[in-house]
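Structure first, then comments.
Residue numbers run from 1 in the order of the sequence given. Atoms within a ligand are numbered from 1 in the order they appear, just like the ligands themselves. Being a predicted model, the structure only gives us computed values, none of them experimental.
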Amino acid sequence: MPAEPLSPQEVEERLATLPGWSLDAGRLTRSYRLGSHFAAAAMVVHVAQVQEELDHHSDLTLGYHTVALAVHTHSAGGAVTEKDVELARRVEDLAAGHGAH
Ligand SMILES: C[C@H](O)[C@H](O)[C@H]1CNC2=NC(N)=NC(=O)C2=N1
């Protein structure tokens, strides 16, 4: 069953439980800072593993000491859905282990 779009209020409620995440151009976004470029690259690989597991994929950008994500649900017409929130939570869970903040 396709994921349903969250209402603007539901998105705000979810964001209130995801510090550092925001809604930007209709997508859930967050940027993390890490201690080195290699540490950032390792986090990208870990996020990619989670995205494959969830079958849900963000635009994932590796910078010098940064990792940035932006995600919405293509199959819901580009809306934000619970799938995006689930991915954000999973990324939060692994970020600390990479020293990301
Ligand atoms: C066929 C495949 O499962 C789908 O296309 C998945 C893959 N990853 C996805 N990622 C995102 N962000 N939105 C989707 O609708 C989506 N769909």
Here's a test for you: under side chain to side chain contact (heavy atoms under 4.5 Å, CB included), which of D24, L23, D59 qualifies with T29? D24
the protein heavy atom lying closest to atom 16 (C) of ligand 1 turns out to be H74 ND1, 4.0 Å
Between E10 (side chain only) and S7 (backbone N and O only), is there a donor and an acceptor less than 3.5 Å apart? yes
Shortest protein contact, atom 1 (C) of ligand 1 (heavy atom only): D55 OD2, 4.7 Å
Look up atom CE in M43 and atom OG1 in T66, then write down how far apart they are to the nearest 0.5 Å. 10.5 Å
Among protein heavy atoms, which lies nearest atom 10 (N) of ligand 1, and at what distance? H57 N, 3.0 Å
Hey, do the aromatic rings of H98 and H46 have their centres closer than 6.0 Å? yes
Of all the heavy atoms in H72, does at least one lie under 4.0 Å from an atom in ligand 1? yes
Could you check whether any side-chain N or O of R30 sits under 3.5 Å from a backbone N or O of P19, counting only pairs where one atom can act as donor and the other as acceptor? yes
Note the single closest protein heavy atom to atom 15 (O) of ligand 1, along with its residue, its atom name and the distance in Å. S75 N, 2.9 Å
